[in-house]
2 protein chains.
Amino acid sequence: MEDACTAMGAKVAEWKALSPDPLQCPVRDLLDRIGDRWSILLLSMLAAGPMRFNALARAVPDISKRMLSQTLRTLETDGLIDRMVEPTVPPRVTYSLTGLGRSLMAPMLALIIWAETNHAAVAAARRRMAERLATAGEHG
Amino acid sequence: MEDACTAMGAKVAEWKALSPDPLQCPVRDLLDRIGDRWSILLLSMLAAGPMRFNALARAVPDISKRMLSQTLRTLETDGLIDRMVEPTVPPRVTYSLTGLGRSLMAPMLALIIWAETNHAAVAAARRRMAERLATAGEHG
DNA sequence: CGGTATCCACTGGGATACTG
DNA sequence: CAGTATCCCAGTGGATACCG
């Protein structure tokens, strides 16, 4: 895992060498898109298979219809999900991952597994910091 | 790569089975932290090695001192970076990745490589969508 | 069912000025 | 150099009501 760190360092050096303007790198673009509150969650829900609008709403209970609709449209625009409409009454709209969207699952899963694995360590670090601040405050 | 998708589906199913409340899963917690505008960028800058405050500020020209300081403190609180102060005059403060922070580089690098690889495909999807909307508008 | 439209509150984050 | 304090604005996103 340590050499991923080295590789990352090399990547950053590469960016600096290549790009005169570090502001429009593809990574920032990606993060602006899927770094929001809902995108990753919705994509992961669709990993298991296609789902309809209200099924997604039920699976993610704290998303509003507004944000659900908006986030799905963004994901569709970016080519990560497909939106299939069956013009019945009532309408039936099904969302599913595209090939591009599926290809994102591998790196996303890596991140999720990291989060699950190191969740406790992060929580412990937060507790330590809280204690340190409390102690510093006592004799400050 | 397709089986990462299957694995993700399984993960989600696992969450649903385990957790009565999907709202406090570690993944959401992680995203709330590093899903912001600056965290991933700063972490990747530190991958190459320790850096001082103003060096980071120069490396990420569009971050304000306020956000730099604030983001660094959050990352420190979460145990992802170390903050070492040399009490000289003027002060010299050096930031570096912790072991936990370095362990995050692997999944982060995977995501960055995906972004670089599929950047063009996303841009193409956006263009297609823009065209579709324009065409629909013409005879709407 | 699958959305839009409108209104509004909260907060992320920039600008600026000041401090040790 | 390495921050903190204050102010303020723009955008994110929730609540609600309505529509095809």
Side-chain angles (χ1 to χ4, degrees), chain A residues 22-23 28-42 45-46 50-78 81-96 129 132-133 136-137 140, chain B residues 22-23 28-42 45-46 50-78 81-96 129 132-133 136-137 140:
Chain A
L23 308 188
R28 292 224 198 176
D29 192 54
L30 174 75
L31 287 175
D32 281 354
R33 293 294 175 145
I34 68 165
D36 67 7
R37 210 164 150 59
W38 305 115
S39 293
I40 290 195
L41 213 53
L42 291 177
M45 289 304 167
L46 290 173
M51 290 178 77
R52 289 173 52 191
F53 187 89
N54 276 335
L56 280 166
R58 279 188 298 274
V60 186
D62 55 339
I63 193 174
S64 63
K65 278 157 81 162
R66 183 177 173 294
M67 286 316 295
L68 180 54
S69 162
Q70 183 177 306
T71 305
L72 288 170
R73 239 183 301 122
T74 301
L75 293 174
E76 190 197 1
T77 298
D78 288 357
I81 66 175
D82 249 345
R83 179 175 183 274
M84 195 196 20
V85 185
E86 297 170 79
T88 58
V89 178
R92 179 181 292 256
V93 182
T94 306
Y95 296 91
S96 59
M129 177 61 71
R132 236 170 66 185
L133 289 177
Chain B
L23 307 189
R28 293 223 199 179
D29 192 54
L30 174 75
L31 287 175
D32 281 353
R33 294 292 175 144
I34 68 165
D36 67 5
R37 207 163 152 61
W38 304 115
S39 293
I40 290 195
L41 213 53
L42 291 177
M45 289 304 167
L46 290 173
M51 290 178 77
R52 288 173 53 192
F53 187 89
N54 276 337
L56 281 166
R58 278 188 298 274
V60 186
D62 55 339
I63 193 173
S64 63
K65 277 157 78 163
R66 181 171 153 349
M67 287 315 296
L68 180 53
S69 162
Q70 182 176 305
T71 306
L72 287 171
R73 241 182 301 123
T74 301
L75 293 174
E76 189 196 2
T77 298
D78 288 357
I81 67 174
D82 250 345
R83 180 175 184 273
M84 197 199 14
V85 185
E86 297 169 79
T88 58
V89 178
R92 179 181 292 256
V93 181
T94 307
Y95 296 91
S96 58
M129 178 62 71
R132 236 170 66 185
L133 289 177

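Order of the sequence lines sets the chain letters (A, B, ...), proteins ahead of strands, with each chain counted from 1.
- Residue B:Arg52 has its side chain nearest to D:dA2 when only C:dT4, D:dA2, D:dG13 are considered.
- The only option from A:Leu75, A:Leu72, A:Val93 that meets the side chain to side chain contact (heavy atoms under 4.5 Å, CB included) definition with A:Arg83 turns out to be A:Val93.
- Atom CG in A:Asp62 sits roughly 19 Å away from atom P in D:dT12 (whole-Å rounding).
- The CG-C1' distance, from A:Leu68 to C:dT4, rounds to 13 Å in whole Å.
- A sub-4.0 Å separation between OP1 or OP2 of D:dT12 and a side-chain N or O of B:Arg37 is absent.
- Look at CD1 on B:Ile63: it is 15 Å from C1' on C:dA15, rounded to the nearest Å.
- The nearest heavy atom of DNA chain D to B:Leu72 and to A:Ser64 marks one nucleotide each, and the one closer to the 5' end goes with B:Leu72.
- Atoms CE (B:Met51) and P (D:dC1) sit 14 Å apart, rounded to a whole Å.
- If you take CD of A:Glu86 and P of C:dG2, they are 10 Å apart, rounded to a whole angstrom.
- Residue B:Glu76 contributes atom CD, which lies 15 Å from atom P of D:dA2 at whole-angstrom precision.
- With rounding to the nearest 0.5 Å, the separation of CE in B:Met84 from CZ in B:Arg92 is 10.0 Å.
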Walk me through whether B:Ile63 and B:Arg37 qualify under side-chain contact (heavy atoms from CB on, under 4.5 Å).
CA-CA 9 Å; B:Ile63 193 173; B:Arg37 207 163 152 61; over 6 Å; no
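- Nearest to the side chain of B:Phe53, among C:dG2, D:dG3, D:dG14, sits D:dG3.
- Phosphate contact (OP1/OP2 of C:dG2, side-chain N/O of A:Ser69, threshold under 4.0 Å): absent.
- The residue B:Arg66 sits close to a base: some heavy atom pair falls under 4.0 Å.
- Here the P atom of nucleotide D:dT12 and the CG atom of A:Leu31 are 15 Å apart, to the nearest Å.
- When each of C:dG2, D:dA2, D:dG13 is scored by its nearest atom to the side-chain atoms of A:Met67, the top-ranked nucleotide is D:dG13.
- Across B:Leu41, B:Ile40, B:Asp36, a single residue satisfies side chain to side chain contact (heavy atoms under 4.5 Å, CB included) together with A:Leu31, and that is B:Ile40.
- The distance between atom NZ of B:Lys65 and atom P of C:dT16, rounded to the nearest whole Å, is 13 Å.
- In terms of position along DNA chain D, the nucleotide closest to A:Asp36 lies nearer the 5' end than the nucleotide closest to the other residue of the pair A:Asp36 and A:Pro91.
- The line from CD1 of B:Ile81 to CZ of B:Arg73 is 11.0 Å long, rounded to the nearest 0.5 Å.
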